[in-house]
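Report on the structure given below.
If you're wondering where the values come from, they're calculated on a predicted model, not measured in any experiment. What you see below is based on every heavy atom in this structure, not just the backbone, and it leaves out hydrogens, waters and symmetry mates.
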Number of protein chains: 2
Amino acid sequence: MNLKELSKHLGISQTTVSRALNGYPEVSEATRARVIAAANEHGYSPNTRAQGLATGHSRCIGHVISEGDSGEMVNPIFGDFMAGAGETYAAHGYDMMVTRVGQGDEADIYRRLKARGAVDGLVMHAPRFDDSRLPVLTELGLPFVVHGRSSGASTPYSYLDVNNRSAFHEATQHLTSLGHRRIALLNGQEQLDFAIRRRQGYEQAMEEAGLPVDPTVMTQGEMTEDYGYQNAMTMLDMPEPPTAFLVSSIICAAGVRRALDDRNLRPGEDVSIATFDDCLSYFRNSAAQPVFTAMQSSVRAAGATLARMLVDRINDPTAPHTHTLWEAEFVAGASTGPIKD
Amino acid sequence: MNLKELSKHLGISQTTVSRALNGYPEVSEATRARVIAAANEHGYSPNTRAQGLATGHSRCIGHVISEGDSGEMVNPIFGDFMAGAGETYAAHGYDMMVTRVGQGDEADIYRRLKARGAVDGLVMHAPRFDDSRLPVLTELGLPFVVHGRSSGASTPYSYLDVNNRSAFHEATQHLTSLGHRRIALLNGQEQLDFAIRRRQGYEQAMEEAGLPVDPTVMTQGEMTEDYGYQNAMTMLDMPEPPTAFLVSSIICAAGVRRALDDRNLRPGEDVSIATFDDCLSYFRNSAAQPVFTAMQSSVRAAGATLARMLVDRINDPTAPHTHTLWEAEFVAGASTGPIKD
DNA sequence: TGCCCATTCCAAAGCGCTTTGGCAAGCTGT
DNA sequence: ACAGCTTGCCAAAGCGCTTTGGAATGGGCA
């Protein structure tokens with residue numbers, strides 16, 4: 001059933017049917033009611049492509065997900081972020097298009113998406129330091145928002161970010177206040193902006209506490225469970241092992257926990273673990289009482305809010321850029337405790 | 001830059017430009033080369049919507065993801081599955097549209113996607129027993145494939161599934177052969193078809209070994225880490241606790257591991273854990289040597305293959321249905337061992 | 001009654017592409 | 001030299017919608 005058929009069936013012009021369905025005022029309420037009833041009855045939904053052609057926009061949002069460095073890793077936060085964003089899009093009548101792409105080809109994909117008129121806006125994920133995608137997107141003139149920030153960017157852009165620096169500053173302070181002096185940092189890949197900021201927060205707190213920043217207990221990498229395990233194992237076998245671990249993801253933290261277990265060390269007693277927690281739906285940390293002491297911020301909520309920011313931006317592309325910075329919430333869990341002497 | 005402009009710029013009709021770009025033979029190779037060069041130079045990509053309107057298909061695949069029962073949980077396999085599917089789509093020139101929807105509204109979404117002409121095909125996720133979405137999709141006449149199977153379905157459909165029954169049969173046999181007689185099953189939600197089959201495999205192996213199937217050590221639910229932990233804790237506190245756990249997901253298995261840890265039990269020595277392993281990229285189980293004894297099957301590979309099946313089906317919708325059944329691979333890990341006496 | 005203005009509707013153009021049906025050359029074979 | 005191809009190109013229709021610019025209809029008012 002298309003517009004023409006529906007209008008013929010109603011004995012009304014296509015114009016009127018279209019207007020009735022789109023809420024234009026030039027239609028009597030009686031006619032509108034008739035039209036809507038008939039549309040429902042026949043399960044009519046306007047053809048997306050025709051509608052898009054006529055209006056010039058697609059009512060579709062693009063998410064371009066780059067492969068990790070290894071070309072294999074899928075960011076575990078992906079699902080929850082999308083779930084949040086998806087809710088917003090559904091509420092605003094947008095579709096969501098996901099494109100995965102090898103790192104380095106993003107700019108090309110952006111350009112093509114724009115040229116094809118496939119999307120009305122884009123969400124940029126996992127910004128790196130001085131990210132080269134930013135100028136490309138700006139130049140394209142396609143509305144976009146960024147999940148995270150890119151230090152060193154020269155053009156303004158809208159973003160939603162967690163205050164990673166303060167989160168790691170606070171987590172480090174928590175550990176130092178418990179007496180820990182040798183605190184390992186298992187960070188994400190430090191070409192990613194959030195990891196840089198986390199490191200800065202950590203380093204600043206260490207220095208404020210008069211503690212040395214020791215590169216031998218600081219690592220970066222893709223945040224898998226095994227990454228947490230391997231690095232923790234290595235460090236636990238050092239002559240002077242860390243007494244606390246500050247970890248960038250709850251998935252890694254699980255790996256660290258496994259390492260402690262292997263070494264017969266109890267988290268929160270022998271060794272402390274603090275972690276960032278994205279509130280992943282399948283790895284909740286607050287069910288009864290939190291397993292991990294953590295800095296929490298829901299990535300699902302971030303998805304929903306960022307999507308909303310993008311929708312607003314599409315509706316008014318000339319509006320000033322929006323910057324949203326969320327503070328992660330400190331949650332005391334069972335994985336940290338005073339240092340043993 | 002659109003077709004009209006490009007053709008004007010080349011001094012050639014739109015017809016010829018279109019044909020040159022789409023590989024039709026009615027164009028001299030000299031002209032084709034000129035056209036392609038100009039298209040690249042100006043970064044011309046045909047407008048997706050216009051192309052779709054004219055051809056009648058969207059070159060877009062829909063994935064409709066239902067919320068879990070709780071309305072919160074995002075399936076952790078989602079990201080890896082999408083990554084695999086995305087590769088296939090990219091290679092075949094398809095876009096990927098993701099729609100999240102509350103459980104129960106799927107049929108409506110399917111209908112609407114079809115009516116709007118938004119997608120050329122659909123992937124159905126997480127089929128339930130005698131799933132009501134199946135007849136809806138069949139009736140719609142939109143090409144679709146299923147990730148998993150639906151027992152009791154009366155109409156034929158194409159699917160890719162893991163042989164969950166044999167996987168759990170084999171895993172259970174492994175445990176019984178180690179002398180375990182009291183084996184807990186931490187299953188996924190048993191309205192989902194795969195969970196039913198897993199249970200059947202488990203029950204069959206138990207019966208074959210002459211062991212009782214005891215509902216008090218069998219649970220079902222959303223496969224979170226905490227689900228694994230809570231249920232393992234409960235069971236470990238039983239008067240006659242299980243000596244082995246068979247778990248439906250590596251995420252849950254991590255939770256079980258944590259429970260053992262809490263009770264000062266060593267996996268593979270005091271208590272065994274075997275699990276299904278989807279080869280999630282952020283939770284690899286085979287890095288050096290497998291942590292968990294597992295039945296492995298890559299969900300990313302499943303995504304890629306299933307997507308390919310769908311593309312084929314779209315190209316020839318009348319072809320007989322394809323059934324792909326993968327056997328999970330047994331991997332001996334450190335989490336199982338002979339029963340202690 | 002006649003005029004004007006809302007109200008309500010419509011015909012047709014246009015969005016950017018593909019595709020049908022044809023036409024003009026340039027070849028072939030006789 | 002000419003019919004009959006093939007080759008290479010084009011004009012125009014059409015995909016299903018929105019939107020512009022009118023055009024009827026009917027009520028209010030002088």
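B:T55 comes within 4.0 angstrom of the backbone, heavy atoms only, and of no base. Among the atoms of the strands shown, only primed sugar atoms or phosphate atoms (P, OP1, OP2) are found under 4.0 Å from some heavy atom of B:Q51.
Checked against a 6.0 Å centroid threshold, the rings of A:H321 and A:Y157 do not count as neighbours. Side-chain rings of A:Y94 and A:H57 stay apart, their centers remaining 6.0 Å or farther from each other. For A:H147 and A:F81, the distance between ring centers is under 6.0 angstrom. Here A:Y44 and A:H9 keep their ring centres 6.0 angstrom or further from each other.
Nearer the 5' end of DNA chain D, as judged by each residue's closest nucleotide, is the contact made by B:E29, out of A:R19 and B:E29. Nearest-nucleotide positions on DNA chain C place B:L53 closer to the 5' end than the other of B:T16 and B:L53.
With sequence neighbours excluded, the residues that form a salt bridge (charged side-chain N to carboxylate O under 4.0 Å, His left out) with A:D312 are A:R308.
For B:S13, counting side-chain heavy atoms from C-beta on, the closest listed nucleotide (D:dG8, D:dG21, D:dA11) is D:dA11.
Direction change of the helix axis from one end of the helix from C:dT1-D:dA30 to C:dT30-D:dA1 to the other is 50°, with five pairs defining each end axis (rounded to 10°).
Separating the CG atom of B:L10 from the P atom of D:dC10 is a distance of 10 Å, rounded to the nearest angstrom. In this structure, NZ of B:K4 is placed 16 Å from P of D:dC10, rounded to the nearest angstrom. One interatomic measurement links the two molecules: CZ of B:R34 to P of D:dG8, which rounds to 14 Å at whole-angstrom precision. For the pair B:Y24 OH and D:dC10 C1', the computed distance is 16 Å after rounding to whole Å.
Along DNA chain C, read 5' to 3', the first and last nucleotides having any atom under 4.0 Å from a heavy atom of chain A are C:dT8 to C:dG16.
For the pair B:L137/B:L122, a side-chain contact is recorded, criterion being any heavy-atom separation below 4.5 Å from C-beta on. In this structure, A:L280 and A:V299 have side chains that are in contact, with non-hydrogen atoms separated by less than 4.5 Å.
Proximity of a side-chain donor or acceptor of B:T48 to a complementary backbone N or O of A:R116 within less than 3.5 Å is detected. Although no hydrogens or angles enter the test, the distance criterion places no donor-acceptor pair under 3.5 Å between the side chain of B:R128 and the main chain of B:Q191.
Under 4.0 angstrom from either OP1 or OP2 of D:dC10 there lies no side-chain N or O belonging to B:T15.
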